[in-house]
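One structure is given here, and the rest of the page talks about it.
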Amino acid sequence: MTRRPLLALALLRLALGAVFAAHGFQAIFVQGLSSVTGQFQAWNVPLPLLTAPLVATLQLAGGLLLCLGLGTRPIAALLSGVMALTLYFTPWNRILSGGNGTAEALLLGVGALALALGGPGEPAFDQLTRREGQGAGPPAPRPARPGAKAASQKMKS
């Protein structure tokens with residue numbers, strides 16, 4: 001991959017990470033988990049006493065991890081799923097009016113999905129944790145099929 005797409009992914013990762021972390025911080029420390037739990041109950045989200053703190057913690061911790069570029073693909077996939085569920089549980093009158101964060105949830109979800117598919121970009125701490133043979137670079141040559149060597153030698157003669 002050339003340098004520009006890797007930089008674009010890194011910028012997307014940083015922006016999304018900051019927004020997710022801010023949302024998680026707000027849910028935990030500003031609104032309070034009891035308020036978020038009440039909102040989840042009003043939207044008929046299953047197990048609101050469990051899901052509200054889980055989502056808020058995932059947004060805060062996941063956003064910080066995205067900013068660092070640690071575990072980008074799995075964290076981004078989880079956050080994308082959270083945004084899909086946010087849109088699913090959002091009351092239809094809010095979606096149709098276009099207000100109250102539905103456009104933001106859609107953009108955050110699609111951006112997180114792009115990171116889950118595209119990777120962290122550069123620079124990212126994920127690059128330090130890659131094992132040899134993973135990540136960027138040319139693919140390893142495929143092993144020859146049995147009998148392929150004999151067939152190629154017949155073609156040469």
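These numbers come from the heavy atoms of this one structure, side chains and all, not from hydrogens, waters or symmetry mates.
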Extract all donor-acceptor atom pairs below 3.5 Å that involve side chains of residues 12-19 and protein atoms in other chains or at least two apart in sequence.
residue	atom	partner	partner atom	Å
Arg13	NE	Pro120	O	2.8
Arg13	NH1	Leu66	O	2.9
Arg13	NH1	Cys67	O	3.0
Arg13	NH2	Pro123	O	2.4

Steps toward side-chain contact (heavy atoms from CB on, under 4.5 Å) verdict (Leu79, Leu108): CA-CA 8 Å; Leu79 289 169; Leu108 287 171; over 6 Å; no

Is the backbone N or O of Ala52 less than 3.5 Å from a side-chain atom of Thr37, with the two atoms forming a donor-acceptor pair by type? no

Say whether, by atom type as modelled, one donor and one acceptor occur between the side chain of Ser80 and the main chain of Gly111 under 3.5 angstrom. no

Please tell me if the side chains of [X] and [Y] come closer than 4.5 Å, counting only heavy atoms from C-beta onward.
X	Y	value
Gln59	Gln26	no
Leu47	Phe40	no
Thr86	Met83	yes

Would you give the length of the straight line joining atom [atom1] of [X] to atom [atom2] of [Y], rounded to the nearest 0.5 angstrom?
X	Y	atom1	atom2	answer
Leu85	Thr51	CG	OG1	9.5 Å
Ser34	Gln39	OG	CD	11.5 Å
Thr72	Asp126	OG1	CG	4.0 Å

Other members of the hydrophobic cluster containing [X], with the 4.5 Å side-chain heavy-atom rule, please.
X	result
Phe29	Phe25, Ile28, Val30, Leu33, Leu60, Leu64
Leu54	none
Leu117	Leu113

For Leu68, side-chain contact (heavy atoms from CB on, under 4.5 Å) partners two or more places apart: Leu70, Phe125

Could you see if [X] belongs to whatever hydrophobic cluster contains [Y]? Use Ile, Leu, Val, Met, Phe, Trp, Tyr and a side-chain cutoff under 4.5 Å.
X	Y	answer
Leu50	Tyr88	no
Val45	Leu49	no
Val82	Trp43	yes

Under the rule for ring-ring contact (aromatic ring centres under 6.0 Å, His included), what residues qualify as partners of Phe89, not counting sequence neighbours? none

Between Gly63 and Phe20, which heavy-atom pair has the shortest distance, and what is it? CA-CB, 3.9 Å

Closest approach of Ala116 to Ala77 (non-hydrogen atoms, all atoms of both residues): CB-N, 3.8 Å

